[in-house]
2 protein chains.
Amino acid sequence: MADEPGAGSASTAARVASSPSGTLEATPPSGLPVGTSGSGAPTLEDVARVAGVSRATVSRVVNGQRRVAADIQAVVREAIATTGYVPNLAARSLVTRRTGAVIVVVSGVEEQGSPSTIDFADPFFGRVVGGMLRALRPRDVDPILMLAETDADRARVISSLRNGNADGALVVSTRGDDPMPRLLVDAGLPAVVFARPGRPIPLSFVDVANRDGARLAAEHLVARGCRHVAAISGPLDVPSAQDRLSGFQDAMARHGQAFVPTVGGNFTYESGVAAMASLLDAYEDLDGVFASNDLMALGAIEALQAAGRRVPDDVRVIGFDDSSVGALSRPALTSVRQPIEEMAAEMARILLDTIADPGRRVTSTIFEPTLRIRDSA
Amino acid sequence: MADEPGAGSASTAARVASSPSGTLEATPPSGLPVGTSGSGAPTLEDVARVAGVSRATVSRVVNGQRRVAADIQAVVREAIATTGYVPNLAARSLVTRRTGAVIVVVSGVEEQGSPSTIDFADPFFGRVVGGMLRALRPRDVDPILMLAETDADRARVISSLRNGNADGALVVSTRGDDPMPRLLVDAGLPAVVFARPGRPIPLSFVDVANRDGARLAAEHLVARGCRHVAAISGPLDVPSAQDRLSGFQDAMARHGQAFVPTVGGNFTYESGVAAMASLLDAYEDLDGVFASNDLMALGAIEALQAAGRRVPDDVRVIGFDDSSVGALSRPALTSVRQPIEEMAAEMARILLDTIADPGRRVTSTIFEPTLRIRDSA
DNA sequence: CCAGGGTCGGAGAGCGCTCTCGCGAAACTG
DNA sequence: CAGTTTCGCGAGAGCGCTCTCCGACCCTGG
């Protein structure tokens, strides 16, 4: 694998350059086809020389800061074009203390050894990133991806930020008790998180109206004639899971079903299967199920079919997320849709605004979910 | 876009800071919880002062370059800990010309207006990123995500690289005729691409043995007793689609079926449905289908079921990718698995090695696919 | 005991950029 | 037309870091 075929030639080249130092010392290293100046990429200095102006003026033209006479601007732009100049961001950020980059923190919590973090194969991840990209790119900001599973990871994120390697953080957490948001707030760093944090802290976030989404699901089931409805909930330490459940229960109560049998899952397919099975054991006459995410809904369908129940004929099932897996499964899953891409884009926008104006108040944007009706309910 | 809402407040802030200059000049801006020195994060200088050594020595300790006496090292580390020092990467990269970041280029081609790029919702994207992260993180390198749909995007990637905003590129292309690899090669920039480029160019890549995967599928279908097998291919300008198809055809020929009815798709679910429908029209007695990816296989199953065929009882279906959608669909999809995460990790490793030793030869790593047998075949 | 070599820390020069400051000229005012 | 502002540009000081010298010191051998 790591054999060294090129190593020889590289070090040879270095030696050639340095060995006849005595004679060459005074002369610049290369008396060869010098581009504009000494060695590599053209610098501000080079452009300034070509344009016959000062470094400062070129800088002003590049950044469009202060007014520069039109003719001089033309000359400078010309010089920039001929030299092929592009600003060195490291140098710039060294003085401006801005990087034009934000960290996308994919945050999870290590569970007894197994670093259970976000599932990268879950389309959720890609959709979030895609949405952020859409909002970041027009403002010429690039996302740096970082995982934060361990305390060390989190410390790394914080210090990266504190040292100005990035201007802010977009946090996508998998759990309600994630310590990352707290750390960010304590360090006074610009950040926005996806979904309302477990404990209230002064931090901007975007979220979906989980209760409304659950209500949508409840109303749909009722409208379809369901009379004995159950719920499969996510872990209740996750705020969104809590809201989805209570929102569902409340809505069902308003429609006459005061008690909703509920079993908890952990957002996985398997937990959906198990939850549905135990629900079926206890309540034989179920005709509707609301699962707090699509994976569990899919698991529920699996368990229902295994028990000989037809979906949606015997039992109707609604999920939450409108994930692509749900759309592709058979029967296609009816699901509460949260506009993930738009939410992610909004996160980026909020962060960028916060970075531009640090004094800005903490804000949150709540998106309204919609019901994506397919075959399962 | 470039309106100036922040400009006003920014200049206001600047004015506030500078106007009472007479009095404040000497004092650092914040008379607040000052860290160690003047203003923000601690610098090498600060650490040096605390430790009672020179900046150079601290630098040496931080980077472990030259031998530093053990006791001094201890003192320095102590000082680093108490000050909470973390190197400023901008400053470092300004002199080292290394950034400790690589660009992950998600490359696509704009098709008549609609910027059809990679589908972020596709688990493929997340798996690739996850795999890269696994290999990058131990070497303290962070990925910067960039989209490259337009020529302007690609130019931006190239100049980013040329200006040392990142040390190299990991390219994930969606199409065979992507111009990105070529640009990278021409600019002499370190890069690794996922999947063999359309036209051979001197660029490292990782790929899966597509032909072998197709052979696996063929052999499995034959072993299961299929006698009338068809194929749904991807766009043939994509090398992998080509290899999968020809590999499948060759393998089937070896097992006695010289002609394999084939319809082309474009890797989408819908194209799978359409392809299967037209296949069914022309060949009624099909008992096996190989699709060049999972989405099309899923579409094929849909079309088959719509036509009253049972899967796998009447017709067996095999996909390619072993995507999570395939695992969750019913019947669960039998599929050729490419170890995407490992492949992505290998990309990262190759890139890092190339960056460390630019003279290194172009390499490619081909991974062996495996067959993931589930219910559909 | 001293010369010579080797080790290890410090001084200082930049890397490429931004931004404040100041100066000269142009544009205004009375 | 003189006085005063405004405007536009250049000079130069760093931002925080690395890295090359260079000098101080220690160790060893003669």
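Every chain is numbered from 1, with letters handed out A, B, ... down the list of sequences.
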Side-chain donor/acceptor of B:Arg98 to backbone N/O of B:Ile355, under 3.5 Å: yes
When you check the side-chain N and O atoms of B:Asp178 and B:Ser107, is any donor under 3.5 Å from an acceptor? yes
Calculate the interatomic distance between B:Arg60 atom CZ and D:dT20 atom P; express it in whole Å. 11 Å
Step-by-step salt bridge (Lys or Arg N to Asp or Glu O under 4.0 Å) determination, A:Arg154 to A:Asp151: CA-CA 5 Å; A:Arg154 279 182 281 273; A:Asp151 283 344; 3.0 Å; yes
Taking donor-acceptor contacts at under 3.5 Å, does the side chain of B:Arg55 reach the base of D:dT18? yes
Give a yes or no on whether the backbone of B:Ala155 and the side-chain of B:Ser159 come within a donor-acceptor separation of less than 3.5 Å. yes
Any donor-acceptor pair under 3.5 Å linking the side chain of A:Asp167 with the backbone of A:Gly100? yes
Taken to the nearest whole Å, CG/B:Leu89 to C1'/D:dC17 is 10 Å
Grab the CD-P distance between A:Glu45 and C:dC17 for me, whole Å please. 9 Å
Got a donor-acceptor contact below 3.5 angstrom from the A:Asp153 side chain to the A:Thr150 backbone? yes
Which part of the nucleic acid does B:Ile72 contact within heavy-atom distance under 4.0 Å: base, sugar-phosphate only, or nothing? sugar-phosphate
When you measure from the side chain of B:Thr83 to the backbone N and O of B:Ala79, does any donor-acceptor pair fall under 3.5 Å? yes
On the nucleotide C:dC15, are OP1 or OP2 found under 4.0 Å from the side-chain N or O atoms that A:Asn88 carries? no
Between CG of B:Asn63 and C1' of D:dT20 the distance, given in whole Å, is 15 Å
If we ignore hydrogens and angles and just use 3.5 Å, is the side chain of B:Asp353 paired with the main-chain N or O of B:Ile350 as donor and acceptor? no
Member of B:Val76, B:Val47, B:Ile80, B:Thr57 meeting the side chain to side chain contact (heavy atoms under 4.5 Å, CB included) criterion with B:Val62: B:Ile80
Of all heavy-atom pairs linking B:Ala91 and A:Leu94, the shortest is CB-CD1, 3.5 Å
Under a 4.0 Å threshold between the charged nitrogen and the carboxylate oxygen, would B:Arg49 count as salt-bridged to B:Asp46? yes
For DNA chain D, determine which residues of residues 74-81 of chain A have any heavy atom closer than 4.0 angstrom to one of its atoms, and list them numerically. none
At 4.0 Å (heavy atoms only), tell me whether B:Ala69 reaches a base, stays on the sugar-phosphate, or touches nothing. sugar-phosphate
Which angle, to the nearest 10 degrees, lies between the helix axes at the two ends of the helix from C:dC1-D:dG30 to C:dG30-D:dC1, each defined by five pairs? 30°
For D:dG10, does either OP1 or OP2 sit under 4.0 Å from a side-chain N or O belonging to A:Ser54? yes
Run B:Leu136 and B:Asp142 through side chain to side chain contact (heavy atoms under 4.5 Å, CB included) and show every step you take. CA-CA 7 Å; B:Leu136 254 20; B:Asp142 295 308; over 6 Å; no
Using heavy atoms and a sub-4.0 Å distance, could you list which residues of residues 90-101 of chain A are near DNA chain C? By number, please. A:Ala91, A:Arg92, A:Leu94, A:Val95, A:Thr96
May I have the distance from A:Leu44 (atom CG) to D:dG10 (atom C1'), rounded to whole angstrom? 14 Å
Per nearest nucleotide of DNA chain C, the residue lying toward the 5' end, B:Ala70 or A:Tyr85, is B:Ala70
Determine: side-chain N/O of B:Thr57 to OP1/OP2 of C:dG9, distance under 4.0 Å, yes or no. no
